Amino acid sequence: MKLATWNVNSLKIRLPQLLNWLAARQPDVVCLQETKLPDQDFPREAIAAAGYHFACSGQKTYNGVALLTREAPSDIVFGNPLFPDEQKRLLTATVQGICVVSAYVPNGQAVGSDKYAYKLAWLDALARWLAERLAATPRLVLAGDFNIAPDDRDVHDPDAWAGQILCSDPERAAFRRLLDLGLKDSFRLFDQPEKSFSWWDYRMLGFQKNRGLRIDHILLSEPLAARCSAASIHREVRKLERPSDHAPVIAELAC
DNA sequence: ATGGTAGCCGCGCTA
C-alpha cells in the first residue's frame, strides 16, 4: 500500500501534473494540501476518471486539504473537533481500516508573530485530538505539510535557519510531541541521501541550488511503522515546468 | 541587502 502526501500549491494549476503523477506512481492514498479551491470547484470528474475516490475540505485562495483514495473513504471528519478553525487545514477519513489524516499545518510566518502563536496552538490541539484518535484507532497515518523541519539534517543551511520559522525550538518540540504519541517519521526509518528536502523556495534558484527544507512528512503509528518497507521523496516532480514548490513524499506499507 | 517567485480575483496577502 502506497501512502503519499503532496502540497500542490493550487490544485487547479497542478491538476495535469497530479494526474500524470498518479498514473506513474499509482499511490493508494494521497493527502493533498493547499488545494486553494472551494469544494464546488474540486475536479471530481478528473479524479474519478483517474480511479480515485476523494474527500475534500477547501476554500478559495488559501489553504484547502483533500484525500484521494483507491478504496472508498468512510467516517470523514472535517477539521479538529477540539479546535474550531475558519481555515481549512485538516481532513480525516478511514480507508482500508486505517485512519488517515491530511494536515496543512500553519506556516507561522515569523517567530513571535500572531501567526506563530496560532501555529503552536493549532499543533497543540492536533496532538490532543490525535491522542484520542490513536486510542480508538491504533492504525493511523498523519501526513501533510507540517511546516517544520524536525532536525538540522532537514535543513540546507542549519546555521542560517537556526531559530527561524520552520526550525525554531518550540516548533520542533511540537513535532516531537507528535512523535511522543507513538508516531514514527517514515522517512527516517530508512537510510536516506544527505540533503533530502521536500520544499524549495521559488525564489533565488532555491531548487537549482538545493536550498531546501524537509517539511512534508508521513508519520505512522507503531503497527503501521512495523509494516513500512520504503519511504522516499519524488524530487523529480519539482523539476517539471511550472512546479509546486513542494515535492510529493511517499511511504510504502507491506500488506 | 529584507531582495527574489508563484498563486490567489488582487488592486496586497500568503507562502
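Here the structure is a predicted model, which means the values were calculated and not measured.
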Asks: Hey, can you tell me if Phe146(A) and Phe175(A) have their rings parallel, tilted or perpendicular (30° and 60° cut-offs)?
Replies: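 The arrangement is perpendicular - the two ring planes meet at more than 60°.
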Asks: Let's go through Val101(A) and Leu90(A) carefully: what are the C-alpha distance in whole Å and the side-chain angles of both, what is the deciding distance for side-chain contact (heavy atoms from CB on, under 4.5 Å) to 0.1 Å, and is it a yes or a no?
Replies: CA-CA 7 Å; Val101(A) 184; Leu90(A) 198 69; 3.6 Å; yes
Asks: Cation-pi check, Arg44(A) to Phe54(A): give yes when NZ or CZ is under 6.0 Å from the six-membered ring centre and within 45° of the ring axis, no otherwise.
Replies: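 Verdict for Phe54(A): no cation-pi partner in Arg44(A).
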Asks: Under 3.5 Å, which N/O atoms of the protein pair with N/O atoms of nucleotides 2-8 of chain B?
Replies:
| residue | atom | partner | partner atom | Å |
| --- | --- | --- | --- | --- |
| dG4(B) | O6 | Arg203(A) | NH1 | 3.4 |
| dG7(B) | OP1 | Arg14(A) | NH1 | 3.0 |
| dG7(B) | OP1 | Arg14(A) | NH2 | 3.3 |
| dG7(B) | OP1 | Arg242(A) | NE | 3.4 |
| dG7(B) | OP2 | Arg242(A) | NE | 3.1 |
| dG7(B) | OP2 | Arg242(A) | NH2 | 3.2 |
| dG7(B) | O3' | Ser10(A) | OG | 3.4 |
| dC8(B) | OP1 | Ser10(A) | OG | 2.4 |

Asks: When Watson-Crick pairs (N1 to N3 and N6-O4 or O6-N4) and G-U wobble pairs (N1-O2 and O6-N3) count only below 3.5 Å on both distances, what is the dot-bracket string of DNA chain B, with | for other-strand pairs?
Replies: ....(((.....)))
Asks: Can you list every salt bridge (Lys or Arg N to Asp or Glu O under 4.0 Å) pair that touches residues 235-249 of chain A, not counting sequence neighbours?
Replies: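 Checked against salt bridge (Lys or Arg N to Asp or Glu O under 4.0 Å) - neighbours excluded - the pairs reaching residues 235-249 of chain A are Arg25(A)-Glu236(A).
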Asks: What's Phe207(A) touching, base or sugar-phosphate or nothing? Going by heavy atoms closer than 4.0 Å.
Replies: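 The answer is nothing, as Phe207(A) stays clear of every strand by at least 4.0 Å.
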Asks: How long is the straight-line distance from CG of Leu181(A) back to CG of Leu130(A), given to the nearest 0.5 Å?
Replies: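 Between atom CG of Leu130(A) and atom CG of Leu181(A) there are 6.5 Å.
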Asks: In whole Å, measure the gap between the P atoms of dA1(B) and dA6(B) for me.
Replies: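 Here dA1(B) and dA6(B) have their P atoms 27 Å from each other.
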Asks: I need the CG-P distance between Asp114(A) and dT14(B), as an integer number of Å.
Replies: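 Going from Asp114(A) (CG) to dT14(B) (P), I get 11 Å.
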Asks: Take atom CG in Asp114(A); do more than 12 heavy atoms of anything else shown fall under 6.0 Å from it?
Replies: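 Open: at most 12 neighbouring heavy atoms sit under 6.0 Å from CG of Asp114(A).
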Asks: With a sphere of 6.0 Å drawn around CD of Gln40(A), does it hold more than 12 non-hydrogen atoms of other residues, nucleotides or ligands?
Replies: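 Yes, the 6.0 Å shell around CD holds more than 12 heavy atoms from other groups.
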Asks: Looking across every strand, which nucleic acid part, if any, lies under 4.0 Å from Arg89(A) by heavy atom: base, sugar-phosphate, or nothing?
Replies: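 Counting heavy atoms under 4.0 Å across all strands, the contact made by Arg89(A) is with sugar-phosphate only.
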Asks: How far, in whole Å, is dC9(B) from dT14(B) if one measures between their C1' atoms?
Replies: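 Rounded to whole Å, the distance is 15 Å.
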Asks: In whole angstrom, what separates Leu166(A)'s CG from dT14(B)'s C1'?
Replies: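 Value for this atom pair: 13 Å.
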Asks: Between Lys60(A) and Lys115(A), name the one whose nearest nucleotide on DNA chain B is closer to the 5' end.
Replies: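 Looking at the nearest nucleotide for each, Lys60(A) comes out on the 5' side.
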Asks: What interatomic distance, in whole Å, is found between P of dG3(B) and the corresponding atom of dC13(B)?
Replies: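 So the two P atoms sit 14 Å from each other.
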Asks: Under 3.5 Å, is there a donor on one side chain and an acceptor on the other for Trp161(A) and His156(A)?
Replies: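 Indeed, the side chains of Trp161(A) and His156(A) share at least one donor-acceptor pair under 3.5 Å.
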Asks: Just by distance, with hydrogens left out, do Gln192(A) and Arg153(A) show a side-chain donor and acceptor under 3.5 Å apart?
Replies: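 The criterion, which ignores hydrogens and geometry beyond distance, is not satisfied for Arg153(A) and Gln192(A).
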Asks: For nucleotides dA15(B) and dT2(B), find the distance between their C1' atoms and express it as a whole number of Å.
Replies: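 It works out to 16 Å between them.
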Asks: Can you tell me how far P of dA15(B) sits from CG of Asn7(A), to the nearest Å?
Replies: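 Checked: the CG to P distance equals 11 Å.
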